[in-house]
Amino acid sequence: MGMGSDMYRQQILDHYKNPRNKGEMEDPTFSHTGENPSCGDTITMQVKLEDDDETIEFVAFTGDGCAISQASASMLSERLQGTTLSELEEMDTDDVTEMLGVDISPMRIKCAVLARQVAQDGAAIYEGDAEKAKTTTEADD
């Protein structure tokens with residue numbers, strides 16, 4: 001791995017040590033919680049939609065976990081602002097690993113995608129397309 005991957009590792013550490021948008025949001029449009037039992041990660045994503053009920057205005061998160069899960073939640077909270085619920089729904093694992101900028105081992109991929117899955121499930125529940133009390137990565141095998 002070259003210097004580029006070191007830069008991305010530093011970016012992940014920066015988001016882990018100095019998370020963006022971490023904390024409770026007042027009056028989110030929707031909120032959803034998920035966990036990755038294999039690593040002990042827990043994340044709650046809170047989303048505020050603009051008046052059009054489709055565009056994401058702001059995203060906040062709370063939770064605990066490994067550096068990858070927390071950095072991914074922080075980076076995702078920034079990336080989702082200004083996107084639509086449809087764009088969120090279309091995000092896949094490749095989008096998350098590209099956002100992180102490093103190769104994620106198969107054992108850690110659940111850590112990386114937890115925040116995305118929680119946000120997607122929260123949006124599906126909000127839109128009436130799903131009913132889940134909590135998201136878990138164990139169902140995603």
query = Can you tell me if CD on Glu89 sees more than 12 non-hydrogen neighbours from other groups inside 6.0 Å?
reply =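 Check fails, neighbour count at 12 or below.
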request  = Kindly compute the distance separating OG1 (Thr136) from CG (Asp41), expressed to the nearest 0.5 Å.
outcome  = 10.5 Å
inquiry  = Does Asp95 form a side-chain contact (heavy atoms from CB on, under 4.5 Å) with Arg116? I'd like the steps, not just the answer.
reply    = CA-CA 10 Å; Asp95 293 321; Arg116 183 217 66 210; over 6 Å; no
message = Using a 3.5 Å distance criterion without hydrogens, assess whether the side chain of Lys132 forms a donor-acceptor pair with backbone atoms of Gly122.
response = no
task = Might you point out which heavy atoms bring Ile12 and Leu100 nearest each other, and give the distance in Å?
result = CD1-O, 3.9 Å
ask   = Can Met75 be reached from Phe58 by stepping across I, L, V, M, F, W or Y side chains whose heavy atoms are under 4.5 Å apart?
value = no
query = Could you state the interatomic distance from CE (Met99) to CG (Asp94), rounded to the nearest 0.5 Å?
reply = 12.5 Å
key: Residue pair Lys110 / Gln117, side-chain donor-acceptor N/O under 3.5 Å   =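 Checked: Lys110/Gln117 side chains show no N/O donor-acceptor pair below 3.5 Å.
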task = Work out which heavy atom in Ala119 is nearest to a heavy atom in Leu80; give both atom names and the distance.
result = CB-CD1, 4.3 Å
task = Measure across Ala60 and Gly23 and return the closest heavy-atom pair with its distance rounded to 0.1 Å.
result =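 Of all heavy-atom pairs spanning Ala60 and Gly23, the closest is CB-O, 3.4 Å.
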ask   = Minimum heavy-atom separation for Thr44 to Ser31, with atom names?
value =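 For Thr44 versus Ser31, the nearest heavy atoms are CG2-OG, 3.4 Å.
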ask   = In the single-linkage hydrophobic clustering (I, L, V, M, F, W, Y; side-chain heavy atoms under 4.5 Å), do Ile125 and Leu114 co-cluster?
value = no
request  = For the pair Asp103 and Arg108, find out whether any cationic side-chain nitrogen is under 4.0 Å from an anionic carboxylate oxygen.
outcome  =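 The answer is no: the pair does not qualify as a salt bridge.
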ask   = If two hydrophobic side chains count as joined below 4.5 Å and joins carry through other members, does Phe30 share a cluster with Met45?
value =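 Per the 4.5 Å side-chain linkage, Phe30 and Met45 are co-clustered.
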inquiry  = Could you report the tightest heavy-atom contact between Gln70 and Gly63, atom names first, then the distance?
reply    = OE1-O, 3.3 Å
inquiry  = Measuring from atom CD1 of Ile104 to atom OG1 of Thr93, what distance do you get when rounded to the nearest 0.5 angstrom?
reply    =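 Going from the CD1 atom of Ile104 to the OG1 atom of Thr93 covers 11.0 Å.
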request  = Might you work through the side-chain contact (heavy atoms from CB on, under 4.5 Å) test for Thr135 and Ile43, ending with a clear yes or no?
outcome  = CA-CA 10 Å; Thr135 296; Ile43 292 177; over 6 Å; no
message = Would you say that Glu127 contacts Asp53 through its side chain, given a criterion of any heavy-atom pair below 4.5 Å between the two side chains?
response =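 Heavy-atom side-chain distance check fails, nothing below 4.5 Å.
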request  = Could you tell me whether a side-chain N or O of Glu87 sits under 3.5 Å from a main-chain N or O of Thr84, the two making a donor and an acceptor?
outcome  =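 Pair found, side chain donor or acceptor close to backbone of Thr84.
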message = What's the separation between atom CD in Glu50 and atom OG1 in Thr29, rounded to the nearest 0.5 Å?
response =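 Interatomic distance, Glu50 CD to Thr29 OG1, rounded to 0.5 Å: 10.0 Å.
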message = Could you check whether any side-chain heavy atom of Glu57 comes within less than 4.5 Å of a side-chain heavy atom of Val59, counting everything from C-beta outward?
response = no
query = Is there a side-chain contact (heavy atoms from CB on, under 4.5 Å) between Asn36 and Glu138 once you walk through the steps?
reply = CA-CA 7 Å; Asn36 173 13; Glu138 295 308 299; 4.1 Å; yes
inquiry  = Tell me whether Gln81 contacts the main-chain N or O of Ser77 through its side chain, where contact means a donor paired with an acceptor under 3.5 Å.
reply    =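 Looks like yes, one N/O pair under 3.5 Å.
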message = Applying a strict under-4.5 Å side-chain criterion to I, L, V, M, F, W and Y, I'd like to know whether Leu85 and Met25 cluster together.
response =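 In one cluster with Leu85: Met25, no.
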message = Would you compute the distance between atom CD of Gln120 and atom CG of Asp129 and round it to the nearest 0.5 angstrom?
response = 12.5 Å
ask   = Does the pair Tyr16 and Ser74 meet the rule for a side-chain contact (heavy atoms from CB on, under 4.5 Å), with working shown?
value = CA-CA 8 Å; Tyr16 175 65; Ser74 174; over 6 Å; no
task = Identify whether Phe61 and Leu49 are in the same connected component of the hydrophobic contact network (ILVMFWY, side-chain heavy atoms under 4.5 Å).
result =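 Yes, Phe61 and Leu49 fall within the same hydrophobic cluster.
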request  = First locate atom CG of Leu88, then atom CD of Glu54, and finally report the distance between them rounded to the nearest 0.5 Å.
outcome  =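 If we round to the nearest 0.5 Å, Leu88:CG and Glu54:CD are 9.5 Å apart.
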query = Got more than 12 heavy atoms from elsewhere within 6.0 Å of CG, Asp52?
reply = yes
